Amino acid sequence: MNKTYRQEDRLRKVALMLADKTSLGTMCHLCRSGEPLPVQSSIREIIDICRSVLFPGFYGDDDVTIYSLEYFIGIKCGKLHSLLVKQIAAGLALEQDCNASVDYASLECQASEIAAAFIEQLPQLRHLLHTDVQATYCGDPAAVTTEEVIFCYPGLKAIMNYRIAHALLSLGVPIIPRMISEMAHSETGIDIHPGATIGEFFSIDHGTGVVIGATAIIGNNVKLYQGVTLGAKSFDMDSDGNPIKGIPRHPIIGDNVVIYSNTSVLGRIRIGNNAVIGGNIWVTEDVADGEKLTQARANNILRFKQD
């Protein structure tokens, strides 16, 4: 074939331009010493193994029995530890200065300890998730069994990923928790930042479009419907006009609270215990214990303030 039609020269020029490291700016991490970066497929495998250990038979191998459970869990925990060590070490390496040498062997030792500490938390994670299953089942008349909740409900899958990611984040693991939460976001349409603090008996009904910010605090026995946002109202800026990171900016939700669909609760406000927030409301001020805030009530408050 005539070289005129093969385009090698044009492709070679593009490859040279893309390989110019100055074009990467600060957006791409280059591994100077060959240390790996986190791998999306390995993170998914970690999620799958965690789910299979937390709810054996429902996720992963479907032939596990009461007689093979100890063997099954042992094998899975061993594989989980190995995967976690590699991915946590890669995340720790990603945090290092690109221009400095990385002691990857030391990072792997640190990652091994973190991975073991995470696996030790799995029994407590299972307890928490059982409360979430129970809350979802009791709060939805359409749920026939708790098994249906575990198999089918996207809210539980998102909560499961959140609790796994939150545990890792609490142990100081970088980047991996956010990857785990964003995988649940892609799978379910529910966006829960791993930095949020969420109590027992948490449920999300339907779920699509729910957003829970990084500094949100949610008490026990809280139920959210689809489209609820627990977000920030505004951002404090530094002298360069950039948002200041890490300051509390999301709501605090008390115990026994229900928030109905498509409501936005914004800013560092408090929703009191036993409060009920109706649908399609923009809430930017504290709500008292036991208060029932409906759209009509919210409109009345707005009109009163305008008068």
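It should be emphasised that the depicted structure is a prediction, and the values quoted were computed from it without experimental measurement.
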- Where do Val265 and Pro251 come nearest, in terms of heavy atoms and distance? O-CG, 3.1 Å
- Message: Going by side-chain hydrogen bond (donor to acceptor under 3.5 Å, both in side chains), name the pairs with one or both residues in residues 259-274, residues two or more places apart or in two chains.
- Response: Asn256-Asn274
- Message: Taking CG in Leu16 as the centre, count heavy atoms belonging to other residues, nucleotides or ligands within less than 6.0 Å. Is the count above 12?
- Response: yes
- Tightest non-hydrogen contact, residues Glu148 and Thr145, listed as N-OG1, 3.0 Å
- When rounded to the nearest 0.5 angstrom, what is the spacing between CG in Leu156 and CZ in Phe58? 10.5 Å
- Message: I need the Ile46 CD1 to Lys86 NZ distance, nearest 0.5 Å.
- Response: 10.5 Å
- Measure the shortest side-chain to side-chain distance between Phe118 and Cys50 over non-hydrogen atoms and say whether it is less than 4.5 angstrom. yes
- Message: Is there a path of hydrophobic side-chain contacts, each under 4.5 Å between heavy atoms of I/L/V/M/F/W/Y residues, joining Leu54 to Leu80?
- Response: yes
- Message: Using side-chain contact (heavy atoms from CB on, under 4.5 Å), reason through Val64 and Leu69 one step at a time and then give a plain yes or no.
- Response: CA-CA 6 Å; Val64 61; Leu69 185 60; 4.0 Å; yes
- Is there a donor-acceptor pair closer than 3.5 Å between any side-chain N or O of Glu291 and the backbone N or O of Val287? no
- Message: Using side-chain heavy atoms (C-beta onward) and a distance below 4.5 Å, is Asn221 in contact with Phe202?
- Response: no
- Which value, rounded to the nearest 0.5 Å, describes the distance between Asp61 atom CG and Ile75 atom CD1? 11.0 Å
- Task: Nearest 0.5 Å please: distance from the OH atom of Tyr71 over to the NZ atom of Lys76.
- Result: 10.5 Å
- Applying salt bridge (charged side-chain N to carboxylate O under 4.0 Å, His left out), name anything that partners Glu45, two or more places apart in sequence or on another chain. Lys79
- Query: Does any non-hydrogen side-chain atom of Tyr137 lie less than 4.5 Å from one of Glu147?
  - Reply: no
- Between Ile192 and Ile204, does a side-chain contact (heavy atoms from CB on, under 4.5 Å) hold up when you go through it step by step? CA-CA 11 Å; Ile192 309 176; Ile204 302 174; 4.0 Å; yes
- Query: Do Ile180 and Ile43 have side-chain heavy atoms sitting under 4.5 Å apart?
  - Reply: yes
- Message: Is there a path of hydrophobic side-chain contacts, each under 4.5 Å between heavy atoms, that joins Ile150 and Phe201?
- Response: no
- Message: Using every non-hydrogen atom in the two residues, find where Pro38 and Ala90 come nearest and quote the distance to one decimal.
- Response: N-CB, 3.6 Å
- Note on the structure: Heavy-atom nearest pair, Val85 first then Ala115, reads CG2-CB, 4.0 Å
- Item | Non-hydrogen atoms of Gly91 and Ile175 that approach each other most closely | CA-CG2, 3.8 Å
- Is the backbone of Ala105 close enough, under 3.5 Å, to the side chain of Glu108 for a donor and an acceptor to pair up by distance? no
- Item | Any side-chain heavy-atom pair of Gln110 and Leu107 under 4.5 Å | yes
- Which of these passes side chain to side chain contact (heavy atoms under 4.5 Å, CB included) with Ile277: Ile259, Val258, Val228, Thr294? Ile259
- Return the set of residues passing ring-ring contact (aromatic ring centres under 6.0 Å, His included) with Tyr162 (not counting sequence neighbours), or none when no residue passes. His166
- Under the side-chain hydrogen bond (donor to acceptor under 3.5 Å, both in side chains) test, which residues partner Thr65, sequence neighbours left out? Ser68
- Message: As an exercise, state the distance from OG of Ser181 to CD1 of Ile164, rounded to the nearest 0.5 Å.
- Response: 11.5 Å
- Query: Applying salt bridge (Lys or Arg N to Asp or Glu O under 4.0 Å), which residue pairs with at least one partner in residues 120-146 are found, sequence neighbours left out?
  - Reply: Asp132-Arg163
- Task: Group every Ile, Leu, Val, Met, Phe, Trp and Tyr by side-chain heavy-atom contacts under 4.5 Å, then state whether Val211 and Ile159 land in the same group.
- Result: no
- Query: Is there a donor-acceptor contact under 3.5 Å from the side chain of Lys223 to the main chain of Val257?
  - Reply: no
- Message: Restricting to salt bridge (charged side-chain N to carboxylate O under 4.0 Å, His left out), what partner residues turn up for Glu187, sequence neighbours left out?
- Response: Arg51
- Passes side-chain contact (heavy atoms from CB on, under 4.5 Å), Ile212 versus Asp191? Steps please. CA-CA 6 Å; Ile212 301 174; Asp191 183 3; over 6 Å; no
- Joining Ile, Leu, Val, Met, Phe, Trp and Tyr whenever any side-chain heavy atoms lie under 4.5 Å apart, the cluster holding Val39 also takes in none
- Message: Run the ring-ring contact (aromatic ring centres under 6.0 Å, His included) test against His130 and tell me which residues pass, sequence neighbours left out.
- Response: Phe55
- Task: Working to the nearest 0.5 Å, report the span between CG of Leu230 and CD1 of Ile218.
- Result: 5.0 Å
- Quick one: does Ile198's side chain get under 4.5 Å of Ile217's, heavy atoms only? no
- Message: Atom CD of residue position Glu113 - does it have more than 12 heavy atoms of other residues, nucleotides or ligands inside 6.0 Å?
- Response: no
- Query: Does Arg249 have any side-chain hydrogen bond (donor to acceptor under 3.5 Å, both in side chains) partners at least two apart in sequence or in another chain, and if so, which?
  - Reply: none
- Query: Minimum heavy-atom separation for Ser112 to His81, with atom names?
  - Reply: O-NE2, 3.1 Å
- Does a side-chain heavy-atom distance below 4.5 Å link Leu266 with Thr229? yes
- Task: Give the cluster check for Met183 versus Ile49: same hydrophobic cluster or not, with ILVMFWY residues linked at side-chain heavy-atom distances below 4.5 Å.
- Result: yes
- Query: Same cluster or not: are Ile190 and Leu129 linked, directly or through other Ile, Leu, Val, Met, Phe, Trp or Tyr residues, by side-chain heavy atoms under 4.5 angstrom apart?
  - Reply: yes
- Would you indicate whether the side-chain heavy atoms of Phe72 and Ser52 approach each other to under 4.5 Å? yes
- Please, which pairs that meet side-chain hydrogen bond (donor to acceptor under 3.5 Å, both in side chains) have at least one residue in residues 206-220, sequence neighbours excluded? Thr215-His250
- Message: Between Gln121 and Leu171, is the side-chain contact (heavy atoms from CB on, under 4.5 Å) condition met? List the steps.
- Response: CA-CA 11 Å; Gln121 293 187 25; Leu171 290 168; 3.8 Å; yes
- In chain order, what residues pass the salt bridge (charged side-chain N to carboxylate O under 4.0 Å, His left out) check against Glu182, with sequence neighbours excluded? Arg178
- Task: Only counting residues at least two apart or in another chain, list the ones meeting side-chain hydrogen bond (donor to acceptor under 3.5 Å, both in side chains) with Asp20.
- Result: Thr22
